[in-house]
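To keep things clear, I will list the structure first and then write my remarks on it.
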Amino acid sequence: ALEAINDVIAGYSEQIAMEQQRPTPSASRIEWLEMRTDQATAIMDSLNVTDTDNVRQVLTEYSAIVRARDAAEAVRIAA
């Protein structure tokens, strides 16, 4: 679960960097990505390894985010 959360945070951080490099960065997009990064960090910090239901839920949710991002990237590269 921690690895999935870290992967999501890394992806958001990469998107923030790319947005900041645009000629006209979208402040609202950067703000949204930073908010999602903060949320992921808070979940990671509160995760208790003995709470297996919560760990399973976090793993499912964040793994889905990673898979969706990877699929979108594969489509972008193929285009």
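The analysis underlying the following values was restricted to heavy atoms, covering all of them including side chains, and did not include hydrogens, waters or symmetry mates.
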Minimum side-chain heavy-atom gap Arg69-Asp7 below 4.5 Å: yes
Kindly determine whether Ile77 and Val75 satisfy side-chain contact (heavy atoms from CB on, under 4.5 Å), including the steps that lead there. CA-CA 5 Å; Ile77 290 172; Val75 168; over 6 Å; no
Are there over 12 heavy-atom neighbours, none belonging to Glu31, within less than 6.0 Å of that residue's CD? no
Given 3.5 Å as the limit, does a donor-acceptor pair link the side chain of Glu19 with the main chain of Ser26, or not? yes
Between Ile30 and Gln15, is any pair of side-chain heavy atoms under 4.5 Å apart? no
Is it the case that over 12 heavy atoms from other parts of the model lie below 6.0 angstrom from the CD atom of Gln39? yes
Of Asn48, Ile43, Leu47, the residue whose pairing with Asn54 passes side chain to side chain contact (heavy atoms under 4.5 Å, CB included): Leu47
Specify the closest pair of heavy atoms between Val58 and Ala1, including all atoms of both residues, with the distance to one decimal. CG1-CB, 4.1 Å
Cluster check Met18, Trp32: I/L/V/M/F/W/Y, side chain < 4.5 angstrom: no
To the closest 0.5 Å, what do you measure between CD (Glu34) and OG (Ser13)? 9.0 Å
Point-to-point distance, once rounded to the nearest 0.5 Å, from CD1 of Ile5 to CG of Asp45: 9.0 Å
Between Ile65 and Tyr12, is any pair of side-chain heavy atoms under 4.5 Å apart? yes
Considering only NZ, NE, NH1 and NH2 on the basic side and carboxylate oxygens on the acidic side, decide whether Arg67 and Asp70 come within less than 4.0 Å. no
Polar side-chain atom of Asn6 near backbone of Leu2 as donor-acceptor pair, under 3.5 Å: yes
Of all the heavy-atom pairs spanning Ala4 and Val66, show the shortest one and how long it is. O-CG2, 4.0 Å
Hey, what do you get for CD (Gln21) to CD1 (Ile16), rounding to the nearest 0.5 Å? 12.0 Å
